[in-house]
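Just below is one structure, and these are the notes that go with it.
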There are 2 protein chains.
Amino acid sequence: MAKKAETRKQQILKAAFQAASEKGYESVTLQDIADYADVSKGVTNYYFKNKADVFAHLFEWITGRIYEKEAASIHEQETAVKMLEAYINQVFISPAENKTFYRVYVDYLSQIKNNKAYQEINQQFYENCWSIGRSIINKGLEENVFSVNDIEEATISIRCIIDGSLIQWLMREDDQLHDYYKSICYDSILRVLNYKE
Amino acid sequence: MAKKAETRKQQILKAAFQAASEKGYESVTLQDIADYADVSKGVTNYYFKNKADVFAHLFEWITGRIYEKEAASIHEQETAVKMLEAYINQVFISPAENKTFYRVYVDYLSQIKNNKAYQEINQQFYENCWSIGRSIINKGLEENVFSVNDIEEATISIRCIIDGSLIQWLMREDDQLHDYYKSICYDSILRVLNYKE
DNA sequence: CAATTTATTTTGACCAGTCAGTATAACAAA
DNA sequence: TTTGTTATACTGACTGGTCAAAATAAATTG
């Protein structure tokens, strides 16, 4: 049944994610994935074409989930600044979660050059992220609290700052700096948007 | 003689760099390094403990060179804004060079979690980068053209923006966007430093 | 200087281990 | 029975690292 297949695929993707966050993309073997999913090795090859196919689906799934959460976080908010605050809270959700996700994400980034499919998934992710930034900026322009020369450039800048801060935080391997980087990220974005009031 | 050994090591490091930028860190084999260096396979193990040792030296060498170039670029400049401009020009040196270096750098970032030595090299690189940012900020504060609440936070923010933009540019695989991202990076930093005049 | 010995460097075959992917058998459900 | 699913054994390709022998350079000696 199609439902069962879907469940199995999810189970395998979650296992691959857990394995990758603990061991790193390249060193994860098909056996590892099977072990984490508590199934035999043959199952992974039954549901996915090959290892790269597993990871393509994994990255698609992860980036999709991340975007949905981030997009949801801003929709309840009523002012641009509150939207941004909610966004940053969602992005810097916790040291543990950020570490798990961003380790896999950095592995993923390092693989993009080798795989056209990965590249397209990431392009979609960027576009989704930019759309969130764009919403916040437009709201702030309506409210007259932000001032930017070019909306597209500002949306791109927001994501640069977010990824740049999370990656730098991750590389320093110090959970205590999480709040510090969160506040640097938030303040920098406000400055880039030329926040007044 | 010690001089010859040094030359050989450099030759191997350059080969490893070239191999890594073309094939990606994980898929580079000792044989690849030997091939690019035009020596036999055993030589690499004669001059380095193992593969990880080669890459530790490689990363140290690369990040050191990058820092030196960046540091040198700002020293001739007389105003804070010109220093920043020179810095960004050096950072966004050309699509080809940025691609070569940043591909290896992203691979390197994805390996940091697995290797204490890599982590320390990167920490040193960050501190070097921050010191460049700090020089520029201090100069701008003297000149009364910048305004920041916290110098340390601003130095960190600058590197976040630089890495964030270069990584995002790299992932989009479009050389034409190089100038675009360069200008976004430059403008964002000016805004973070609250540039007036 | 030349002959010989010693030290250093280079080579490439080889080994032991790993992994992705396959083949096949066993099992379960309909 | 038939079809869909899972387990297991296996293969072939490849890798990091080793090592003994070859090549080369340096030092020593007559």
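Please read all numbers here as calculations on a predicted model, not as lab measurements. So you know, we letter chains A, B, ... as the sequences are listed, proteins then strands, and number each from 1. Computed from heavy atoms alone, side chains included, the values below leave out hydrogens, waters and symmetry copies.
- The shortest distance between the side-chain N/O atoms of A:Tyr46 and the OP1/OP2 oxygens of D:dT5 is below 4.0 Å.
- B:Ser73 OG to B:Asn89 CG: the interatomic distance, rounded to the nearest 0.5 Å, is 8.5 Å.
- Between the CD atom of A:Glu6 and the P atom of D:dT5 there is a distance of 12 Å, rounded to whole Å.
- Nearest nucleotide to the side chain of B:Arg8, out of D:dT6, C:dA13, C:dT10: C:dT10.
- Atoms CZ (A:Phe55) and P (C:dG21) sit 11 Å apart, rounded to a whole Å.
- No more than 12 heavy atoms of other residues, nucleotides or ligands shown are found within 6.0 angstrom of NZ on B:Lys14.
- Within the nucleic acid shown, A:Val28 comes within 4.0 Å of sugar-phosphate atoms alone, with no base atom in reach, counting heavy atoms only.
- A straight line from CG of A:Asn50 to C1' of C:dG21 spans 9 Å, rounded to a whole angstrom.
- Distance CG/A:Leu177 to NZ/A:Lys182: 14.0 Å, rounded to 0.5 Å.
- Interface remark: the A:Lys51 side chain does not form any donor-acceptor pair with the C:dG21 base, using a distance-only criterion of under 3.5 Å.
- Residue contacts for B:Val43: at a heavy-atom cut-off of 4.0 Å it reaches a base atom on one of the strands shown.
- Atom CD1 in B:Ile12 sits about 8 Å away from atom P in C:dT10, given to the nearest Å.
- The CD1-C1' distance, from B:Ile33 to C:dT11, rounds to 17 Å in whole Å.
- B:Phe101 and B:Tyr108 have their aromatic ring centers separated by at least 6.0 angstrom.
- Spacing between atom CD of B:Gln11 and atom C1' of C:dT9 amounts to 13 Å, rounded to whole angstrom units.
- Taking the centre and axis of the six-membered ring of B:Trp130, the NZ or CZ atom of B:Arg134 falls outside the cone set by 45° and 6.0 Å.
- Summary of the strand contacts: A:Asn45 and A:Thr29 both lie near DNA chain C, and taking for each the nucleotide with the nearest heavy atom, the more 5' one is attributed to A:Thr29.
- Summarising the geometry, the separation between CD on B:Gln31 and P on D:dA13 is reported as 17 Å, rounded to the nearest angstrom.
- Side-chain proximity of B:Lys41 to the nucleotides C:dC14, C:dA20, D:dT5 is greatest for C:dC14.
- Here A:Phe48 lies out of heavy-atom contact (under 4.0 Å) with every strand.
- Taking every side-chain heavy atom of A:Val39 into account, D:dA7 is the closest of C:dG12, C:dA20, D:dA7.
- When the C1' atom of D:dT15 is taken as reference, atom CG of B:Asp35 falls 14 Å away, rounded to whole Å.
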